[in-house]
Amino acid sequence: MSMESLTANVDPAVLLDDLIVRTETHKHADAVVIRPDDVAEVMTRLKRDAGYDHLSCLIAQEYQDRFESVYYLKRYDDPTDEFGVVVPTSRDNPVSESAASVYPTANWHEREAYDLVGIEYEGHPDLRRILLPDAWQGHPLSLEYDQDRPQIVEFSEHANPLAEHGREDETMFINIGPHHPATHGVLHLKVVLDGEQVADLDTDLGYLHRCEEQCCQSGTYRHQIMPYPDRWDYASAGILNEWAYARAAEHIADLEVPEYAQVLRTMSAELCRMCAHFLALGTFCLDVYGDFTAVFMYAMRDRERIQKILEELTGQRMMFNYFRLGGVVWDIPDPREDFFELTRDFLDVLPAAIEEYHDLITTNEIFQVRTVDVGVLEPETAKAYGCTGPVARGSGIDCDLRRDDPYGYYPHLDWDVVTEDGCDNYSRLLVRMREVEQSARIVEQCINLLEEWPEDERELQSNVPRTLRPDRDAETYRAVEAAKGELGIYLRSDGTDSPARFKIRSPCFHNLSALHKLAEGEYVADMIASLGSLDIILGEVDR
Amino acid sequence: MSSDLPIIPEPPGDRDVVTYTQDARTVGQDDRFDSPLRRALGTTPFILTKFDQFMNWVRGSSMFMLQFGIACCSIEMMHTYAVKHDLDRFGAGVPRASPRQADVIIIPGTVVSKFAPRMKRVYDQMPEPKFVVNMGSCAISGGPFQEGYNVVKGAEEVIPVDIHVPGCPPRPEALVYGVAKLQDRVRNGESSPVVVKPYELEQFGDLERDELVEHLADQIDPDDLVMRYNWADSP
Ligand code: SF4
């Protein structure tokens with residue numbers, strides 16, 4: 001019997017017996033409440049003895065009488081096996097023990113919790129703000145925050161980097177970003193170079209922190225939240241993000257989705273995935289060998305094709321707002337045949353296009369030299385930092401929520417999860433390219449299904465009450481496989497029609513947190529390539 | 001009488017006539033159109049007008065855009081540059097990676113408190129004359145995130161803006177139209193006036209001493225540049 005199957009049978013309640021204050025039932029999983037100074041011990045036991053190797057989300061929130069950190073754990077080999085650890089602390093002294101010694105990914109999670117909510121984590125290696133500027137006053141998602149108070153933001157962090165780091169100390173400090181063509185948006189990397197190699201790297205986020213969680217918390221479930229997800233991973237992957245919210249909200253409010261709508265959802269989501277992967281491909285080549293003229297333009301051309309299809313379906317090129325709780329908003333536009341033809345035309349030219357990409361990129365010697373065995377991310381490291389999606393699959397981790405935690409119409413379709421075990425930049429790109437082919441397979445099957453669907457059974461939305469008020473104190477965390485990995489939403493209801501806490505678990509945020517592992521010791525130019533291969537979208541990293 | 005009535009220029013009566021005509025040519029114009037040639041030729045009105053017109057035409061016909069991406073709108077901006085929409089057809093499709101080589105900056109996305117000082121610095125680094133196109137509702141007003149605790153209510157709080165292109169995101173066609181409008185304005189020698197913006201980069205030591213400044217006094221050096229946000233006064 002293998003180690004894994006042994007650990008899978010351990011009941012966490014028995015394992016933690018002496019440390020449990022009380023148990024709770026969250027809508028998606030069981031949870032235990034523990035004391036704030038037992039966090040490391042509990043996490044160690046759960047990871048070592050119960051096999052929970054994935055800290056998928058940390059939610060920090062403030063109640064009238066306490067602060068609370070909720071850690072959700074999962075297993076990479078079975079993401080449906082979920083478990084929650086709730087750590088309440090008092091309001092006057094919101095300090096709890098850090099989990100970063102057990103799960104490295106807790107480092108950034110806890111920094112975010114400290115930054116936005118104000119919980120302090122004892123034993124955290126580096127507890128400082130992560131999204132907001134250092135001189136910020138107050139914690140914006142805490143209950144007493146006054147949004148109108150003035151704030152001062154420093155500029156001095158960008159003082160001349162060479163002034164203090166002269167030649168004598170043999171290393172050089174450079175700033176990359178926050179506005180730099182290679183950072184894929186507004187990301188700031190503070191890099192210390194030894195010669196041309198990266199000796200140390202500090203990632204500075206928050207240049208696009210546009211308060212998505214606050215915005216969602218002030219919207220109503222039914223209509224006002226859905227437009228925001230489109231703007232998280234904005235590489236035209238909006239529908240995948242919408243699905244994350246839809247899945248969580250439908251779970252907390254017990255809504256059904258008609259089968260026909262599921263097929264439409266699945267098809268549109270996969271179109272979005274292709275679109276997002278094409279952008280990743282184009283910009284990656286731009287990063288690696290400055291290819292602005294061929295591959296980048298080809299990728300844009302293929303994105304235009306997909307956007308045309310999506311525009312026919314949803315009415316927008318990027319910010320689709322296509323899902324509704326309990327279904328989708330529109331059926332395929334009339335005449336339906338035209339839509340099918342448009343989509344099929346695209347699917348017909350796709351194999352040739354992909355072959356062309358392979359000719360241009362993957363078999364290109366310059367490209368191979370730049371990417372093979374560069375930016376190596378070992379599977380264990382990937383798990384430790386909570387990497388998911390193509391980044392994890394490029395490291396040989398066989399995980400995909402579409403298959404492992406099924407939703408939508410995926411279980412009824414024929415497709416494969418793509419993995420590569422090179423663990424390098426090349427593998428990550430290859431995974432994306434092969435995923436495009438799989439997505440095309442899914443889209444094709446959906447098109448066939450939609451075409452055959454009897455006219456009187458085309459139900460787009462189930463019956464959803466005009467105002468949704470999920471049960472008081474219900475909480476849930478649901479995730480979907482977005483273009484970049486596990487995109488999860490935590491919702492807590494207070495009985496009103498908008499969520500009391502809305503937390504976004506962003507895959508890019510976690511993938512990016514592993515960057516220093518990929519980059520340290522590598523050449524600075526390869527660090528840029530590694531960053532490109534992680535395929536981050538800053539809207540989703542900073543939220 | 002309130003002092004915010006527009007100031008009407010005094011008639012030339014008691015002023016030196018020569019200075020007045022010289023001023024009339026240079027003062028009325030935005031000084032971002034100033035150039036050594038213009039100053040050198042300042043006394044020969046005929047050549048100057050023609051030359052000005054020529055220069056404006058040149059400027060409008062060959063715009064170097066700064067490669068500047070912020071948020072979702074920048075994806076549509078990339079599509080505007082790329083195949084199909086191809087902004088280059090209109091003489092405005094040369095993205096420059098350095099602000100020092102660019103004439104136009106498109107602000108494609110949400111400006112947040114941490115980024116605004118950097119954006120201001122990038123803008124300051126561009127050589128004169130320079131023009132700004134706001135792309136999308138975020139850059140115009142904060143857009144969908146206007147209520148956010150961290151969001152600057154439009155790029156115009158920080159830098160002067162010539163053209164606003166509404167949309168979320170604007171379609172590439174809309175951006176092309178916006179850039180074409182900007183080119184028209186540049187050809188006609190118009191641009192938005194440069195005035196003091198609510199949020200400026202200033203030295204910490206120069207800020208008015210209030211509770212917040214006192215509180216941060218031991219953290220921030222008086223010589224450091226900071227941007228102060230008075231959120232309560234934001235639109
Ligand atoms: S205007 Fe809309 S599309 Fe543009 S940056 Fe803002 S949210 Fe994104």
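Protein chains get the first letters and strands the later ones, always in sequence-line order, with residue 1 at the start of each. All of these numbers come straight from a predicted model, not from anything done at the bench.
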> Out of curiosity, A:E212 CD to B:T110 OG1, how far, rounded to the nearest 0.5 Å?
Replying inline: 8.0 Å
> Hey, what do you get for CG (A:L116) to OH (B:Y149), rounding to the nearest 0.5 Å?
Replying inline: 4.5 Å
> So do the side chains of B:P169 and A:R317 get within less than 4.5 Å of each other, counting heavy atoms only?
Replying inline: no
> So which part of A:Y298 gets closer than 4.5 Å to some heavy atom of chain B, the side chain, the backbone, both or neither?
Replying inline: neither
> Is the backbone N or O of A:R305 less than 3.5 Å from a side-chain atom of B:K84, with the two atoms forming a donor-acceptor pair by type?
Replying inline: no
>> Less than 4.5 Å apart, side chain to side chain, heavy atoms only: is that true for A:P133 and B:S113?
In response: yes
> What part of A:L538 is in contact with chain B, defined as an atom under 4.5 angstrom from a non-hydrogen atom: side chain, backbone, both or neither?
Replying inline: neither
>> Using a 4.5 angstrom heavy-atom cutoff, name the option from B:V83, B:D210, B:V151 with the most pairs to chain A.
In response: B:V83
>> Ignoring hydrogens and geometry beyond distance, is a side-chain donor-acceptor pair present between A:H179 and B:R118 at under 3.5 Å?
In response: no
> What is the distance from atom CG of A:L132 to atom NZ of B:K114, rounded to the nearest 0.5 Å?
Replying inline: 7.5 Å
> To the nearest 0.5 Å, how far apart are CZ in B:F115 and CG in A:D542?
Replying inline: 11.0 Å
>> Quick check on the interface: out of A:A235, A:A135, A:S236, who has the most heavy-atom pairs with chain B under 4.5 Å?
In response: A:A135
> So which part of A:L131 gets closer than 4.5 Å to some heavy atom of chain B, the side chain, the backbone, both or neither?
Replying inline: backbone
>> Counting only non-hydrogen atoms closer than 4.5 Å, does A:M300 touch chain B with its backbone (N, CA, C, O), its side chain (CB onward), both, or neither?
In response: both
> If you tally heavy-atom pairs under 4.5 Å against chain A, which of B:G148, B:A71, B:G142, B:A82 wins?
Replying inline: B:A71
> B:C72 versus A:M319: any side-chain heavy-atom pair under 4.5 Å?
Replying inline: yes
> Using non-hydrogen atoms only, which part of A:E304 is less than 4.5 Å away from chain B: side chain, backbone, both, or neither?
Replying inline: both
> Under a 4.5 Å heavy-atom cut-off, does chain A meet the side chain of B:V122, its backbone, both or neither?
Replying inline: side chain
> Does some side-chain heavy atom of A:Q307 sit less than 4.5 Å from a side-chain heavy atom of B:E76?
Replying inline: yes
> Taking all non-hydrogen atoms of both residues, which atom of A:V153 and which atom of B:P117 are closest, and how far apart?
Replying inline: CG1-CG, 4.2 Å
>> Nearest 0.5 angstrom please: A:W136 CH2 to B:Y229 OH, how far?
In response: 8.0 Å
> Take atom CZ in B:F90; do more than 12 heavy atoms of anything else shown fall under 6.0 Å from it?
Replying inline: yes
> So do the side chains of A:C215 and B:E147 get within less than 4.5 Å of each other, counting heavy atoms only?
Replying inline: no
>> What part of A:L187 gets within 4.5 angstrom of chain B, counting heavy atoms only: side chain, backbone, both, or neither?
In response: neither
> Is it the side chain or the backbone of B:C73 that comes within 4.5 Å of chain A heavy atoms, both, or neither?
Replying inline: neither
>> I need the minimum non-hydrogen distance between A:L208 and B:I70, along with the two atoms involved.
In response: CD2-O, 3.4 Å
>> Report which part of A:R301 has an atom under 4.5 Å of a heavy atom belonging to chain B: side chain, backbone, both, or neither.
In response: both
> With no hydrogens and no angle check, is any side-chain donor or acceptor of B:N150 less than 3.5 Å from a backbone partner on A:R210?
Replying inline: no
> Under a 4.5 Å heavy-atom cut-off, does chain B meet the side chain of A:E213, its backbone, both or neither?
Replying inline: neither
>> On a heavy-atom basis, which atom in A:P150 and which in B:N230 lie closest, and how many Å separate them?
In response: CB-OD1, 3.5 Å
>> Looking at every non-hydrogen atom in both residues, tell me the closest pair between A:M318 and B:I75 and how far apart they are.
In response: CE-CB, 3.8 Å
> Closest heavy-atom contact between A:V186 and B:G69?
Replying inline: CG1-O, 3.8 Å
> Is it the side chain or the backbone of A:Q214 that comes within 4.5 Å of chain B heavy atoms, both, or neither?
Replying inline: side chain
> Which residue out of A:R231, A:Q316, A:R149 racks up the most heavy-atom pairs below 4.5 Å with chain B?
Replying inline: A:R231
>> Heavy-atom cut-off 4.5 Å, strictly under: side chain, backbone, both or neither for B:M78 against chain A?
In response: both
